[in-house]
Enquirer: 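Below you'll find the structure I mean.
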Amino acid sequence: WQQSGNFIFQWGLVTNLLFDGGFERTVLPHAGFPFQLPKQLYSRQQQQHTQILYDYSQIGKNMALLLDGQGDTPVGLASLPIAISARPISMAYFVTGRYRTDDEAIPRIGLRWLLREAEEWNDNISSYLVHESANEWTPYAGISLPHPEAESFQYWVINADPSSRLYVDNLGVFEIPLPCFLD
């Protein structure tokens, strides 16, 4: 920790809980659910609704994940559940990435808290960082505090509009300690 005026800066090295969030280790061509986000969120979506491709296909640069409902269905993917750390220090999750969409896309990107006492899927709680479409690559970052009843969470990427495209890249979720102060 380092304090400068009214600000406290935290320095350290943490591991991305989503291995290869930039999709660089994927062999192209690749259609289907990537290993980073293997869970489909809509029953009608098929593997052809998601693919990893070069964003700049002419020069073979910048691999990204495309969620395209192709007019058939909304498309959503989730990571496998990630256990919440049971450490004595308060922990939070720093969520990062970047995205771009078609004008009519309805993106939702964030974390889904899986609660201990949830009896039905809808009893769980989502906290999204991304709610708006963006025609240019747009970075997002934010800190999410675990729900008190959550035992695990998933990283979610959704395009709720079946007729548009959502591209995502550089996905990350990092466990970080929250500062604690004693008088």
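Position 1 is the first residue of the sequence, and the numbers go up from there. Bear in mind that the values here come from a model prediction, so they are computed numbers and not experimental data.
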Enquirer: Return the CZ to NE2 distance between Arg116 and His147, rounded to the nearest 0.5 Å.
Expert: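 It is 10.0 Å, given to the nearest 0.5 Å.
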Enquirer: Which of parallel (below 30°), tilted (30 to 60°) and perpendicular (above 60°) describes Trp113 and Tyr93?
Expert: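 Plane angle between 30° and 60°, so tilted.
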Enquirer: Is there a path of hydrophobic side-chain contacts, each under 4.5 Å between heavy atoms, that joins Val157 and Ile106?
Expert: no
Enquirer: At what distance, to the nearest 0.5 angstrom, does CG of Asn170 lie from CD of Glu24?
Expert: 6.5 Å
Enquirer: Under the criterion side chain to side chain contact (heavy atoms under 4.5 Å, CB included), I'd like the reasoning laid out for Tyr155 against Gln36: C-alpha separation, chi angles, the key distance, then a yes or no.
Expert: CA-CA 9 Å; Tyr155 197 110; Gln36 300 89 333; over 6 Å; no
Enquirer: Should the heavy atoms of other residues, nucleotides or ligands under 6.0 Å from CD of Glu136 be counted, would the total exceed 12?
Expert: no
Enquirer: Pair Ile109, Leu129 - check side chain to side chain contact (heavy atoms under 4.5 Å, CB included), show working.
Expert: CA-CA 6 Å; Ile109 303 173; Leu129 294 170; 5.9 Å; no
Enquirer: Start with the C-alpha distance between Phe94 and Val14, add both sets of side-chain angles, then the distance that settles side chain to side chain contact (heavy atoms under 4.5 Å, CB included), and finish with yes or no.
Expert: CA-CA 10 Å; Phe94 184 59; Val14 293; over 6 Å; no
Enquirer: Of all the heavy-atom pairs spanning Leu77 and Gln45, show the shortest one and how long it is.
Expert: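 Closest pair (atom of Leu77, atom of Gln45, distance): CD2-NE2, 3.6 Å.
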Enquirer: About how many Å separate CE of Met91 and CD1 of Ile84, when rounded to the nearest 0.5 Å?
Expert: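 The CD1 atom of Ile84 sits 11.0 Å away from the CE atom of Met91.
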Enquirer: Considering all heavy atoms of both residues, which atom of Asn159 and which atom of Ser164 are nearest to each other, and what is their separation?
Expert: ND2-O, 3.1 Å
Enquirer: Between Ala118 and Asn124, which heavy-atom pair has the shortest distance, and what is it?
Expert: CB-OD1, 3.5 Å
Enquirer: If we ignore hydrogens and angles and just use 3.5 Å, is the side chain of Asn16 paired with the main-chain N or O of Leu18 as donor and acceptor?
Expert: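 Indeed, once roles are kept as given, a pair shorter than 3.5 Å links the two residues.
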Enquirer: According to side-chain hydrogen bond (donor to acceptor under 3.5 Å, both in side chains), who are the partners of Arg108, at least two apart in sequence or on a separate chain?
Expert: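 For Arg108 there are no side-chain hydrogen bond (donor to acceptor under 3.5 Å, both in side chains) partners, ignoring immediate neighbours.
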Enquirer: What are the two closest non-hydrogen atoms of Ile52 and Phe23, and how far apart are they?
Expert: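 Heavy-atom minimum between the residues: CD1-CD2, 3.7 Å.
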Enquirer: Check Tyr42 against Ile158 and note the closest heavy-atom contact, atom names and distance.
Expert: OH-CG2, 3.4 Å
Enquirer: Out of curiosity, Ser127 OG to Leu111 CG, how far, rounded to the nearest 0.5 Å?
Expert: 5.0 Å
Enquirer: Quick one, Asn62 with Tyr167, criterion side chain to side chain contact (heavy atoms under 4.5 Å, CB included). Give me CA distance, side-chain angles, the key distance, then yes/no.
Expert: CA-CA 11 Å; Asn62 189 40; Tyr167 298 85; over 6 Å; no
Enquirer: Compare all side-chain heavy atoms of Leu171 with those of Leu37 and state whether any distance is below 4.5 angstrom.
Expert: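 The answer is yes, as the side chains (C-beta and beyond) meet within the 4.5 Å cut-off.
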Enquirer: Are Leu80 and Val95 in one and the same hydrophobic cluster, where Ile, Leu, Val, Met, Phe, Trp and Tyr link if side-chain heavy atoms are under 4.5 Å apart?
Expert: no
Enquirer: At their closest point, which heavy atom of Ala78 faces which heavy atom of Leu41, and how far apart are they?
Expert: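 Nearest heavy atoms, Ala78 then Leu41: CB-CD2, 3.8 Å.
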Enquirer: Transitively linked via ILVMFWY side-chain contacts under 4.5 Å: Trp156 with Leu145?
Expert: no
Enquirer: Roughly how far apart are Arg100 CZ and Ser133 OG, rounded to 0.5 Å?
Expert: 12.5 Å
Enquirer: Hey, does Asp123 have a side-chain heavy atom less than 4.5 Å from the side chain of Leu115?
Expert: no
Enquirer: Following the transitive rule for hydrophobic clusters with a side-chain heavy-atom cut-off under 4.5 Å over Ile, Leu, Val, Met, Phe, Trp and Tyr, establish whether Val173 and Tyr140 coincide in one cluster.
Expert: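 Yes, same cluster.
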Enquirer: So does Gln47 have more than 12 non-hydrogen atoms from other groups sitting under 6.0 Å from CD?
Expert: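 Count over threshold, so yes.
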Enquirer: Give the cluster check for Phe35 versus Ile82: same hydrophobic cluster or not, with ILVMFWY residues linked at side-chain heavy-atom distances below 4.5 Å.
Expert: no
Enquirer: What residue among Val75, Asp68, Thr101 forms side chain to side chain contact (heavy atoms under 4.5 Å, CB included) with Arg165?
Expert: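 With Arg165 as partner, side chain to side chain contact (heavy atoms under 4.5 Å, CB included) holds for just one option, Asp68.
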Enquirer: Rounded to the nearest 0.5 Å, what separates atom CD1 in Ile143 from atom CZ in Phe174?
Expert: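 One finds 12.5 Å between CD1 of Ile143 and CZ of Phe174.
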Enquirer: By the definition side-chain hydrogen bond (donor to acceptor under 3.5 Å, both in side chains), identify the one residue from Arg44, Gln48, His49 that meets it with Asp72.
Expert: His49
